[in-house]
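Proteins get letters first, then strands, A, B, ... in listed order; numbering begins at 1 in each. Treat the numbers as computed from the prediction; the structure is a model and nothing was measured.
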There are 2 protein chains.
Amino acid sequence: MQFVAKAAGVSPMTVSNSFRHPERVQEETRLRVLQVAADHGYVPNRAAGDLASGQSRVIGAVIPSIKNSSFYRYVRGMQDAVAAHGYELILTLADTTVQEHVAVATFLGLRVAGIILVGNEHEPATIDLLRKTSVPIVETWVIHDPIDMAVGYCVAAATRALVETVLSRGLRRIGFVGYAGEVSRRFTERLPAFRESMETAGLRPDLVHLVDEADGFGAGPSALEALHRLDPAIEVVLCPTDIVAAGVVFECGRRGWAVPERLAVAGWGDYEIASEITPGLTTVQPNAHDMGWQAVTLVLNRAAGEAAAETVVDTGFAVVCRASA
Amino acid sequence: MQFVAKAAGVSPMTVSNSFRHPERVQEETRLRVLQVAADHGYVPNRAAGDLASGQSRVIGAVIPSIKNSSFYRYVRGMQDAVAAHGYELILTLADTTVQEHVAVATFLGLRVAGIILVGNEHEPATIDLLRKTSVPIVETWVIHDPIDMAVGYCVAAATRALVETVLSRGLRRIGFVGYAGEVSRRFTERLPAFRESMETAGLRPDLVHLVDEADGFGAGPSALEALHRLDPAIEVVLCPTDIVAAGVVFECGRRGWAVPERLAVAGWGDYEIASEITPGLTTVQPNAHDMGWQAVTLVLNRAAGEAAAETVVDTGFAVVCRASA
DNA sequence: CGAGAGAATTGTAGCGCTACAAGACAGAAG
DNA sequence: CTTCTGTCTTGTAGCGCTACAATTCTCTCG
């Protein structure tokens with residue numbers, strides 16, 4: 001900065017103001033400074049600036065996976081929101097809670113303006129760190145027991161809505177595919193909600209099969225096989241993701257079963273594949289873009305000193321009805 | 001830090017050393033300092049530390065999209081490499097070159113240890129900035145005309161290898177699906193390579209159809225329709241991505257065409273869907289994880305002052321043969 | 001028992017920038 | 001011609017940390 005100041009014939013403060021407070025500097029002076037900076041490839045050192053000003057315009061987000069298009073929309077939502085407010089977003093991939101902890105420590109070390117996490121399952125050490133910091137924290141995709149703030153939707157409510165949708169189609173023999181093993185809590189919330197809905201409707205709540213999360217499309221055929229054995233006249237299968245649902249649809253194709261006439265199928269997540277395959281998948285669409293946007297908004301509101309009153313935002317969901325169910 | 005030092009009864013320097021140079025501090029003292037820090041949720045301010053030491057252990061990467069699993073493996077490769085060397089990786093999503101420019105400016109402002117980009121298509125302003133900085137720059141997925149360093153594979157060579165693979169299956173009527181409009185150069189490299197290979201083999205090089213990149217799976221049916229009209233006896237379709245190839249396979253299912261007997265199909269990218277659908281897709285697999293790893297390695301080598309001699313690394317590719325072709 | 005070597009610890013200065021207060025300067029009013 | 005006002009510009013101090021040199025504190029050895 002010293003160098004640029006000298007080259008432009010002004011003081012370092014004027015250089016600083018040219019970048020950060022354009023209105024404080026005369027137009028002509030500012031343009032000259034910016035020109036000199038551009039000529040020399042000078043970019044203000046944010047680390048130093050943030051240190052001096054005690055604030056940061058960078059928000060850190062930890063995302064567990066970048067494999068599905070819901071997360072893509074979620075990230076876009078965050079990116080769009082930060083861009084609209086002159087902030088920056090930095091992302092770290094973390095597939096395990098241990099990686100998440102490392103990422104959180106890094107963000108805290110960088111003194112980011114806020115941290116956005118996915119889910120509410122963290123290492124005890126992470127929770128400890130998060131509770132002690134004054135940095136705004138937002139947990140997304142869930143709305144229970146936030147450490148600080150949360151943005152998400154109610155998985156149980158979405159499950160009930162999906163069951164009601166298939167009931168309204170006149171379907172009664174409803175099979176449910178869930179994930180077995182150590183999976184995120186937002187998956188485990190679905191089964192009890194399904195059972196409850198079925199009992200309320202006076203229908204069999206036990207047409208349930210659990211598959212491995214790692215099986216991808218492959219989980220479809222095995223789930224279909226298992227549920228068909230439980231009830232050969234099964235009418236519809238509710239899947240934990242659109243990937244599994246697509247696997248079921250492909251398997252129906254192989255078996256020569258018409259979808260939805262012989263078997264209806266519903267997915268979850270409204271991934272890209274849901275609208276691309278034939279028949280299109282009926283699925284639950286979380287408002288992923290909105291969720292990302294709201295998460296950033298919560299951080300910014302907190303930074304602006306606004307009331308921390310409503311710390312939980314429900315971005316809702318929609319049951320998207322396509323041809324598969 | 002002052003606070004922690006006081007609480008632990010040592011000087012600030014000892015606190016600093018406890019974190020950064022454990023060997024300089026007596027075990028007992030170090031543990032006490034770390035304990036006090038943990039109790040108070042203290043995390044050293046990296047911005048200040050980096051400023052004082054004049055170095056950074058953070059590498060910035062700009063990625064254009066997180067929609068496909070190749071990029072996922074690529075990011076994992078980078079993440080694994082930085083983790084192995086005690087560095088951190090921060091990601092920014094940028095779908096346009098303008099967004100990329102903003103991201104690059106942010107990284108430069110953060111004084112990262114290195115910047116990793118995808119492709120070699122950038123804004124003139126970005127190139128200018130990149131040439132003037134002394135920060136190591138790596139461009140990935142391409143190996144032509146790097147600004148600084150590059151890691152990638154030769155798309156033309158992979159195209160030729162794919163054509164040879166289908167030729168070796170005895171197929172002769174080969175259709176090609178490309179992307180129309182403003183697409184990344186790595187897509188545009190494929191068509192000339194295809195034409196050349198076909199001419200060398202003495203076969204029709206004009207069974208070509210261009211589709212819109214945004215069409216996803218939907219591009220499959222329209223491409224199939226168009227190529228079938230060009231040559232009703234077409235034997236194989238080479239697609240620009242596995243998504244398009246999957247779209248073609250699904251469409252074949254609808255038409256009752258057996259794959260690969262009636263029509264063989266090849267994709268590109270070895271996305272997850274390639275191995276999940278039936279029949280599995282024959283496709284080109286870029287060594288995405290390796291590419292990410294090598295990109296980080298190049299940055300670290302440069303940081304370690306090692307020779308900048310070999311600045312281009314070819315991570316190669318593989319033609320993965322599955323049932324579809 | 002004092003000198004010397006080595007380990008552990010501690011001041012000092014400064015990284016590049018910004019907040020804030022103070023200064024310079026032009027033009028308007030008296 | 002002085003005073004005042006408002007605009008533009010500039011010193012000063014310090015953000016939280018680390019490199020480096022200096023210091024203190026063992027402990028060993030002649």
Parallel, tilted or perpendicular: rings of B:Trp141 and B:Phe71 (30°, 60°): tilted
Within the side chain of [X], is there an N or O that forms a donor-acceptor pair under 3.5 Å with the backbone of [Y]?
X        : Y        : result
B:Glu121 : B:Thr97  : no
B:Gln294 : B:Thr315 : no
B:Arg186 : B:Val155 : no

Nucleic acid footprint by protein, nucleotides 17-28 of chain D - heavy-atom cut-off 4.0 Å, B for base, S for sugar-phosphate alone: BBBB--------
Inter-residue atom distance B:Ile59.CD1 - B:Met78.CE, 0.5 Å rounding: 9.5 Å
Given DNA chain C, 5'-ward residue of the pair B:Leu51 and B:Glu23, judged by closest heavy atom: B:Glu23
Qualifying ring-ring contact (aromatic ring centres under 6.0 Å, His included) pairs, either residue in residues 84-124 of chain A, two or more places apart: none
Distance, rounded to the nearest Å, where B:Gln26 contributes CD and C:dT10 contributes C1': 15 Å
End axis versus end axis in the helix from C:dC1-D:dG30 to C:dG30-D:dC1, the angle rounded to 10°, five pairs used at each terminus: 60°
Flag if over 12 foreign heavy atoms under 6.0 Å of CD, B:Glu23: yes
Criterion side chain to side chain donor-acceptor pair (under 3.5 Å) on A:Thr106 and B:Glu88, from CA distance to verdict: CA-CA 8 Å; A:Thr106 301; B:Glu88 316 282 351; 2.9 Å; yes
A:Thr14 vs D:dT9: side-chain N/O to OP1/OP2 distance below 4.0 Å: no
